[in-house]
2 protein chains.
Amino acid sequence: MEKVPEQCRVEDALSILTGKWKPIILLHLLQEGTQRFNELKRKMPGVTQKMLTKQLRELEEEDIIARTIYPQVPPKVEYAMTDYGRSLEPILEAMHEWGRNHTLRKRQKQQTSTS
Amino acid sequence: MEKVPEQCRVEDALSILTGKWKPIILLHLLQEGTQRFNELKRKMPGVTQKMLTKQLRELEEEDIIARTIYPQVPPKVEYAMTDYGRSLEPILEAMHEWGRNHTLRKRQKQQTSTS
DNA sequence: TGGTGTGGTATCTTTTATGATACCGGGGAG
DNA sequence: CTCCCCGGTATCATAAAAGATACCACACCA
C-alpha cells in the first residue's frame, strides 16, 4: 500500500522548515500577517537581500507562502502565509514549546556546573 | 524579562533535528528501543560509518540519546533515547502527521496536472 | 595463517548552503 | 542632475555538511 518509509514524512516537514531564515520568516508572517519585502528585511537583521529572496522563493515553491506583486512604481511585493502554510503552525508551536524547556534546561546545567 | 527572541526557541529544536540521518536514527530508537551501532547501520542503507558516528555523537552531545560502552571484545556499544530525547516525540509526531498530508497533497497535484 | 565482526578514526574530495558585493530600471524628492 | 527607494538579479567567494576511502586493535573461527 504505502511504499514510502515513515521517516520520509518527517524529513519532508523538516526540509521545508530548514534554512537559516525560514523559521523567522514564518513566525513573522504568522504573528504579524502579510508583509512587504523590505518590511521583512528590516525585521531580520543580518539577512542579505539574496538570502531573503532565496528563502522566500523556496517557501513559495512549496506553497507555504504566497507572493503578490502589485504593478506599481516603486514596486510593491507582499508575502503572506497560505492556508497550507498555516498548517505548519502545530509543528512550530511544538518546537517553540520544546525550545523553551531546552533553554531552561541549559540554564540549570550552567548553574549546577558553576555552583 | 526574556531577552532571547522567540524564534530562537524554534531554531534550537530545529538545530537538534536537522542532519541528514538524525530523524531516522531517532525514529529507530523510539520505535525499536535500544540499538547497537551496526544494528542501526544495517537499518540505514546508504549511511557511512563516519556519518552515523557523527550524527550519533551530536545527538549524544545534546543529551538526546545515551551511549553505553560495554568493555567487551569485540566491542559492544548501545544507543538509547534518554528521557529528554523522548520529549522530542510530539515534534516528530507533528512532523510525521504533516508529512503524511504533504505527500497526499503532492499526489493530488500530480493527478490534476496530468488529467 | 588468514579472514570476519566490532566500533570506530583520519584524510581527502565533493556538494550544498550561506554570504559579500555590485548592478539594474524607473519614478519621486531635493 | 543626482540621489534614494523598491525588489530584485548576477557573480564570486567562503563555510559547512556530507561522502569516499583507507586504516586500526582485538578476539574469534576455520
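Reckoned from all heavy atoms, side chains included, excluding hydrogens, waters and symmetry mates. First the proteins, then the strands, lettered A, B, ... as listed; each starts at 1. Keep in mind it's a predicted model, so treat the numbers as computed, not measured.
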Verify side-chain contact (heavy atoms from CB on, under 4.5 Å) between B:Glu32 and B:Glu39, making sure each step is shown before the conclusion.
CA-CA 11 Å; B:Glu32 302 155 36; B:Glu39 204 171 356; over 6 Å; no
Ignoring hydrogens and angles, write down the donor-acceptor pairs under 3.5 Å from the side chains of residues 57-69 of chain B, residues two or more places apart or on other chains.
from, atom 1, to, atom 2, distance (Å)
B:Glu58, OE1, B:Lys22, NZ, 2.7
B:Asp63, OD2, A:Arg105, NH2, 2.2
B:Arg67, NE, B:Tyr79, OH, 3.2

Looking at A:Gly33, is its backbone amide N or carbonyl O close enough to the side chain of A:Gln35 to form a donor-acceptor pair, meaning the two atoms are under 3.5 Å apart?
yes
Results of side-chain contact (heavy atoms from CB on, under 4.5 Å) for A:Lys76 - residues two or more places apart only
A:Arg36, A:Tyr70, A:Gln72, A:Glu78
Could you list the residues that satisfy side-chain contact (heavy atoms from CB on, under 4.5 Å) with B:Lys50, not counting sequence neighbours?
B:Thr48
A:Trp21 meets the ring pair (Phe, Tyr, Trp, His ring centres under 6.0 Å) criterion, sequence neighbours left out, with none
Could you tell me whether the side chain of B:Met44 reaches within less than 4.5 Å of the side chain of B:Ile25, counting heavy atoms only?
yes
Evaluation steps, side chain to side chain donor-acceptor pair (under 3.5 Å), between A:Gln55 and A:Lys20
CA-CA 8 Å; A:Gln55 307 272 300; A:Lys20 182 149 175 187; over 6 Å; no
Please examine the side chains of A:Met95 and B:Arg9, heavy atoms only from C-beta on, and report whether any two atoms are closer than 4.5 Å.
no
Using a cut-off of 4.0 Å between protein heavy atoms and nucleotide atoms, how would you tag nucleotides 22-30 of chain C 5' to 3' with B, S and -?
-----S---
DNA chain D-proximal residues of residues 50-71 of chain B, any heavy atom under 4.0 Å:
B:Lys50, B:Met51, B:Gln55
For DNA chain D, what dot-bracket results from Watson-Crick or G-U pairs at under 3.5 Å, with [ ] for crossers and | for inter-strand partners?
||||||||||||||||||||||||||||||
Using side-chain heavy atoms (C-beta onward) and a distance below 4.5 Å, is A:Trp98 in contact with B:Ser87?
yes
Evaluate side-chain contact (heavy atoms from CB on, under 4.5 Å) for B:Leu17 paired with A:Val10, printing each intermediate quantity in order.
CA-CA 10 Å; B:Leu17 265 358; A:Val10 173; over 6 Å; no
Can you name the side-chain contact (heavy atoms from CB on, under 4.5 Å) partners of B:Ser15, sequence neighbours left out?
none
Once side chain to side chain donor-acceptor pair (under 3.5 Å) is applied, do any residues pair with B:Thr82, and if so which ones, sequence neighbours excluded?
none
Please list, in 5' to 3' order, the outermost nucleotides of DNA chain D lying under 4.0 Å from any heavy atom of chain B.
D:dA18 to D:dA27
A:Pro23 and B:Leu14 have their tightest heavy-atom pair at CG-CD2, 3.5 Å
Any residue in residues 14-45 of chain A with a heavy atom nearer than 4.0 angstrom to DNA chain D? Just list them by number, or reply none.
A:Arg36, A:Phe37, A:Asn38, A:Arg42
Sequence neighbours left out, what passes side-chain contact (heavy atoms from CB on, under 4.5 Å) with B:Glu97? Give chain and number order.
B:Arg100, B:Asn101
